[in-house]
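Only one structure is covered here, and it is reproduced in the block below.
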Number of protein chains: 2
Amino acid sequence: MAEFQRRKGSETRDLILSFAESAVLEKGFGGTSIDELIAAVGITKSGFFYHFKDKNELAKALLQQYLDREEELFDRLFERADDLNDDPLHGFLVFLKLLAEILSDLPKTHPGCLVSAFCYQDQLFSSEIRELNAAGVLRWRQRFLERLELIARHYPPKIKVDMSDLADMVTGIIEGGIVISRSVRDKDVLPQQVLLFRRFVRSVFLGN
Amino acid sequence: MAEFQRRKGSETRDLILSFAESAVLEKGFGGTSIDELIAAVGITKSGFFYHFKDKNELAKALLQQYLDREEELFDRLFERADDLNDDPLHGFLVFLKLLAEILSDLPKTHPGCLVSAFCYQDQLFSSEIRELNAAGVLRWRQRFLERLELIARHYPPKIKVDMSDLADMVTGIIEGGIVISRSVRDKDVLPQQVLLFRRFVRSVFLGN
DNA sequence: AGCATTGGTGTACCTGTGGTACAGTAACCA
DNA sequence: TGGTTACTGTACCACAGGTACACCAATGCT
């Protein structure tokens with residue numbers, strides 16, 4: 001007996017993470033039970049605790065994976081955008097357009113952002129996770145700020161804005177757009193917000 | 001024995017709602033236990049279920065109260081703003097400034113928005129609550145859209161933008177700003193984002 | 001061929017949480 | 001005096017998060 005599937009281990013772990021991510025984005029972390037995850041993956045509770053020592057470890061792995069994937073996505077998009085155009089401003093504008101296209105091509109409304117989800121349940125987690133979350137947002141700020149400062153050196157802003165705030169606005173517009181899209185169940189709001197932000201960037205640096 | 005405090009009933013209910021709101025914004029709905037609420041309020045479990053037939057009823061009351069309070073706040077701010085200035089554009093700009101000031105004067109980072117919090121745990125709730133949530137966001141869209149269309153009739157936009165998207169951007173910038181502020185523990189990000197959006201509105205209608 | 005490592009299972013047990021059911025009761029209001 | 005309001009108290013249930021082990025089977029290394 002006991003003919004359980006033998007998997008590569010990391011495969012099982014990834015399966016848990018994958019089910020957990022969508023469950024957490026739909027029901028919150030506190031509303032997601034370990035029992036439902038092991039039922040979905042097809043392992044026992046002991047199996048779960050073999051991979052994660054407790055629920056907090058699951059949360060950490062979830063967030064870390066999410067941040068890594070986002071970092072990769074932004075890398076890829078910036079690369080593609082700058083490939084098409086080596087002017088920093090137009091590269092950024094292409095980046096925003098590519099981002100809007102990807103969001104628009106999604107089959108359903110955006111599944112949600114773990115950073116937002118976690119910041120609305122942060123007292124459930126260890127301070128380590130809260131710091132990881134903050135570091136993720138600061139990383140985005142840094143990334144966009146660097147690009148904006150580069151742009152500003154070539155295109156003196158027509159409108160006086162703080163570049164740090166404008167960098168945060170990229171993150172904010174996405175987080176806010178996701179919330180609206182999810183809430184009203186209209187997947188197009190998010191890409192529209194990105195494109196509207198793009199108009200703002202144009203008007204800041206080009207004045208139209 | 002049994003000398004329990006006799007309260008007005010609605011007072012106890014309000015107390016539960018008040019504790020519940022901050023708990024839900026910190027730990028999520030699924031992470032907030034009825035037990036901790038009754039301990040904070042000083043009643044028994046039976047007492048809780050006297051006021052709310054189940055946890056879902058608590059969520060509904062929480063969200064309804066939140067939406068009502070926000071509606072009132074926006075009413076008040078628009079009234080104050082238009083009192084100072086009866087031009088629709090400048091009234092709106094004053095509104096945004098007043099909003100930024102209020103957010104800036106908050107002693108700590110913004111406690112969070114229940115609409116955002118709920119949309120990241122919406123599978124925990126009945127469809128009635130999800131609809132209430134969507135209606136809240138649509139209400140904001142309508143309110144800001146009406147104002148923007150009024151402005152557009154007096155100030156032909158210098159930048160071609162969809163007014164409906166711009167209306168959603170008010171909501172989005174606030175939701176996004178709250179997430180960033182909470183995440184990086186910097187209460188100033190939110191008011192800065194509101195002011196940056198204000199710059200955008202100016203540039204749309206005044207071109208500077 | 002032997003042995004450790006990896007990736008689990010199974011059993012038992014404990015606490016806390018959401019929820020149901022229902023009887024009782026003290027205070028207030030007409 | 002009697003009904004309504006606002007609870008308390010008791011008992012019970014299933015599920016959730018853990019903890020603590022002992023056990024086992026397939027894989028990989030030597």
Side-chain angles (χ1 to χ4, degrees), chain A residues 1-24 26-62 118 121-126 128-129, chain B residues 1-24 26-62 118 121-126 128-129:
Chain A
M1 54 174 166
E3 298 191 20
F4 56 89
Q5 243 84 42
R6 179 151 186 102
R7 272 183 290 230
K8 265 186 82 188
S10 61
E11 270 175 35
T12 303
R13 205 184 125 96
D14 287 349
L15 254 181
I16 297 172
L17 286 172
S18 153
F19 278 110
E21 184 170 320
S22 50
V24 166
E26 282 175 5
K27 292 177 293 193
F29 190 73
T32 298
S33 71
I34 294 176
D35 280 9
E36 75 181 276
L37 298 178
I38 64 180
V41 176
I43 53 169
T44 62
K45 208 156 167 174
S46 320
F48 175 88
F49 286 108
Y50 171 77
H51 290 288
F52 304 98
K53 80 169 211 278
D54 55 25
K55 228 186 163 191
N56 193 69
E57 283 293 304
L58 171 67
K60 205 170 95 189
L62 231 35
F118 273 37
Q121 353 195 357
D122 61 355
Q123 291 309 308
L124 247 42
F125 308 120
S126 66
E128 193 190 354
I129 292 186
Chain B
M1 56 174 168
E3 298 190 23
F4 58 87
Q5 243 86 38
R6 181 156 185 99
R7 273 184 289 230
K8 268 184 78 186
S10 61
E11 269 176 34
T12 302
R13 204 184 126 98
D14 288 348
L15 255 181
I16 297 173
L17 286 172
S18 153
F19 279 110
E21 183 171 322
S22 49
V24 166
E26 281 175 4
K27 291 177 294 191
F29 190 73
T32 299
S33 71
I34 295 177
D35 280 9
E36 75 179 277
L37 297 177
I38 64 179
V41 176
I43 54 168
T44 62
K45 207 155 166 175
S46 319
F48 175 87
F49 286 107
Y50 172 76
H51 290 289
F52 305 98
K53 79 169 211 278
D54 55 25
K55 229 187 163 191
N56 193 70
E57 282 293 305
L58 171 67
K60 203 170 95 188
L62 231 35
F118 274 38
Q121 357 198 348
D122 61 355
Q123 291 309 306
L124 246 42
F125 309 120
S126 66
E128 192 189 354
I129 292 186

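Order of the sequence lines sets the chain letters (A, B, ...), proteins ahead of strands, with each chain counted from 1. The figures here come from the full heavy-atom set of this structure, side chains too, leaving out hydrogens, waters and symmetry mates.
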From CZ of F52(A) across to C1' of dG17(D) the rounded distance in Å is 16 Å

I would like to know whether E36(A) and F19(A) meet side-chain contact (heavy atoms from CB on, under 4.5 Å); could you show each step before the answer? CA-CA 9 Å; E36(A) 75 181 276; F19(A) 278 110; over 6 Å; no

Per-nt protein contacts along nucleotides 14-19 of chain C (heavy atom under 4.0 Å; B base, S backbone sugar-phosphate only, - none) come out as ---SBB

Rounded to whole Å, the CD-P distance (E57(A) to dG18(D)) equals 11 Å

Exercise for the section: Give a yes or no on whether the backbone of G28(B) and the side-chain of Q121(B) come within a donor-acceptor separation of less than 3.5 Å. Expected result: no

* **Validation row: I16(B), F52(B) side chains within 4.5 angstrom (heavy atoms)** => yes

#### Entry: side-chain contact (heavy atoms from CB on, under 4.5 Å) between F48(A) and V41(A), worked out
CA-CA 10 Å; F48(A) 175 88; V41(A) 176; over 6 Å; no

**Message:** With hydrogens left out and only the distance checked, is there a donor-acceptor pair under 3.5 Å joining S46(A)'s side chain and the base of dG8(C)?
**Reply:** no

- So, is Y50(A) close to the dG7(C) phosphate, meaning a side-chain N or O under 4.0 Å from OP1 or OP2? yes

Atom CD1 of I38(B) and atom P of dC7(D) are separated, to the nearest Å, by 13 Å

Contact under 4.0 Å: H51(A) side-chain N or O vs dG8(C) OP1/OP2: yes

Here the distance between atom C1' of dG9(D) and atom CD1 of I43(B), to the nearest Å, is 14 Å

**Item:** Main-chain N/O of I34(A) paired to K45(A) side chain as donor or acceptor, under 3.5 Å
**Value:** no

ask   = At under 4.0 Å, does any side-chain N or O of T44(A) touch on OP1 or OP2 of dG8(C)?
value = no

### Query
Side-chain contact, heavy-atom cut-off 4.5 Å: L62(A) with L17(A)?
yes

Atom CD1 of I16(B) and atom C1' of dC7(D) are separated, to the nearest Å, by 11 Å

